[in-house]
Amino acid sequence: MASHKTVKDYIRTIADFPHEGIMFRDVTTLFADPRGLRIAVDQLLHPYAGTPIDCVVGLEARGFILGGAVAHQLSIGFVPIRKKGKLPGPVISEAYTLEYGEAVVEVHDDAIEPGARVLVVDDLLATGGTAEAGIKLIERLGGDVIGCAFVIDLPELGGRAKLEAMGMDVHALCSFEGT
């Protein structure tokens, strides 16, 4: 009898990376397994079945892998939100706070049509800073974020609460306690 693995079963934990005390949730093992990747993409899509979606936005960098696969499955376009300085052409920028310091993400200024219904996809929801900045960029371009889908939620870091306070629908495939 075959075992029934969940998405969480495909994710490896690496202790003390990138520094001591951090339990790093590594999705590369999920991506490397054909069944694991298919389960993740199918489950990211599931809550939005039948919902009109015009494009998928992926947050740098692992969100590109998942977002591209989700967009392909839906036969719609994919828009990357990247770290500052990575996109050619005119962009709009949004700064956000990190644990130590600040970062900036950007999107092309013509990437999203006003009124477009957008699904935001990334691998991990921690503090929600990157997702919040991405949502603000989408909204500045006139897009309507219909949902935010993540493989992993780290609830203790408060990202879900932050996004829900912004009125976002948040979907995560699994959660891990701790940081």
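Note that the numbering runs from 1 along the sequence shown for the chain. This is a predicted model, so every value here is computed, not measured. Note that these values count all heavy atoms, side chains included, but never hydrogens, waters or copies made by symmetry.
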Response to the item:
Minimal heavy-atom distance between Ala131 and Phe150, with the atoms involved, is CB-CZ, 4.0 Å
Worksheet item: Are the side chain of Asp153 and the backbone N or O of Ser175 linked by a donor-acceptor pair below 3.5 Å?
Response: no
Fill in: Polar side-chain atom of Asp16 near backbone of Gly21 as donor-acceptor pair, under 3.5 Å
yes
Discussion item. Which heavy atom of Pro80 sits nearest to which heavy atom of Phe64, and what is that distance?
Written reply: CB-CE2, 3.7 Å
Item to complete: Starting at CZ of Phe24, measure out to CG of Leu124 and round the result to the nearest 0.5 Å.
Response: 8.0 Å
Worksheet, complete the sentence: Of all heavy-atom pairs linking Gly63 and Asp122, the shortest is N-OD1, 3.2 Å
Worksheet item: Are any non-hydrogen side-chain atoms of Val107 and Glu94 less than 4.5 angstrom apart?
Response: no
Discussion item. For a 4.5 angstrom cut-off between non-hydrogen side-chain atoms, does Phe31 reach Arg62?
Written reply: yes
Worksheet item: Is a side-chain donor or acceptor of Arg140 paired with a backbone partner of Ser93 at a separation under 3.5 angstrom?
Response: yes
Worksheet item: Under a 4.5 Å cut-off applied to non-hydrogen side-chain atoms, are Met166 and Ile135 in contact?
Response: yes
Practice prompt. Give a yes or no on whether Glu102 atom CD has more than 12 heavy-atom contacts from other residues, nucleotides or ligands under 6.0 Å away.
Written response: yes
Worksheet item: If you take all heavy atoms of Leu30 and Ala40, which pair is closest and at what distance?
Response: CD2-CB, 4.0 Å
Worksheet item: For Gln73 and Asp42, what are the C-alpha separation, side-chain angles and deciding distance, and is it a side chain to side chain contact (heavy atoms under 4.5 Å, CB included)?
Response: CA-CA 9 Å; Gln73 197 74 4; Asp42 289 348; 4.1 Å; yes
Worksheet item: Honestly curious: do Ile112 and Leu87 fall in one hydrophobic cluster under the side-chain, below-4.5 Å linking rule?
Response: no
Discussion item. Starting from Leu59, can I reach Val91 by hopping between I/L/V/M/F/W/Y residues whose side chains sit under 4.5 Å apart?
Written reply: no
Worksheet item: In Å and rounded to the nearest 0.5 Å, what is the CG to CG distance from Asp169 to Leu163?
Response: 10.5 Å
Discussion item. With a sphere of 6.0 Å drawn around CD of Glu164, does it hold more than 12 non-hydrogen atoms of other residues, nucleotides or ligands?
Written reply: yes
Discussion item. Evaluate Tyr10 against Ile39 for side chain to side chain contact (heavy atoms under 4.5 Å, CB included), listing each step before the verdict.
Written reply: CA-CA 10 Å; Tyr10 292 96; Ile39 290 168; 4.2 Å; yes
Item to complete: List the atom of Leu44, the atom of Ala149, and the distance in Å for their closest heavy-atom pair.
Response: CD2-CB, 3.7 Å
Item to complete: Look only at the side chain of Asp9 and the backbone of Thr6, and say whether a donor-acceptor pair between them is shorter than 3.5 Å.
Response: yes
Fill in: Nearest-0.5 Å distance that lies between atom OH in Tyr48 and atom NE2 in His171
6.0 Å
Worksheet item: Does the salt bridge (charged side-chain N to carboxylate O under 4.0 Å, His left out) test come out yes or no for Glu132 and Lys162, once each step is laid out?
Response: CA-CA 8 Å; Glu132 178 185 27; Lys162 176 185 282 187; 3.8 Å; yes
Discussion item. Please report the interatomic distance CZ(Arg160) to CG(Leu154), rounded to the nearest 0.5 Å.
Written reply: 11.5 Å
Worksheet entry | Gap between atom CD of Glu106 and atom CD1 of Ile81 - 0.5 Å precision | 10.5 Å
Item to complete: From the options Arg82, Lys86, Lys84, select the one residue that forms a salt bridge (charged side-chain N to carboxylate O under 4.0 Å, His left out) with Glu60.
Response: Arg82
Item to complete: Return the minimal non-hydrogen interatomic distance between Ile11 and Cys174, and the atom names on each side.
Response: CD1-SG, 3.9 Å
Item to complete: Please step through salt bridge (charged side-chain N to carboxylate O under 4.0 Å, His left out) for the pair Arg117 and Asp144, ending with a clear verdict.
Response: CA-CA 5 Å; Arg117 296 172 56 81; Asp144 176 23; 3.8 Å; yes
Worksheet, complete the sentence: Taken to the nearest 0.5 Å, the spacing of Thr29 OG1 from Ile14 CD1 works out to 8.0 Å
Discussion item. Taking the side chain as everything from C-beta on, heavy atoms only, tell me whether Phe78 gets closer than 4.5 Å to His72.
Written reply: no
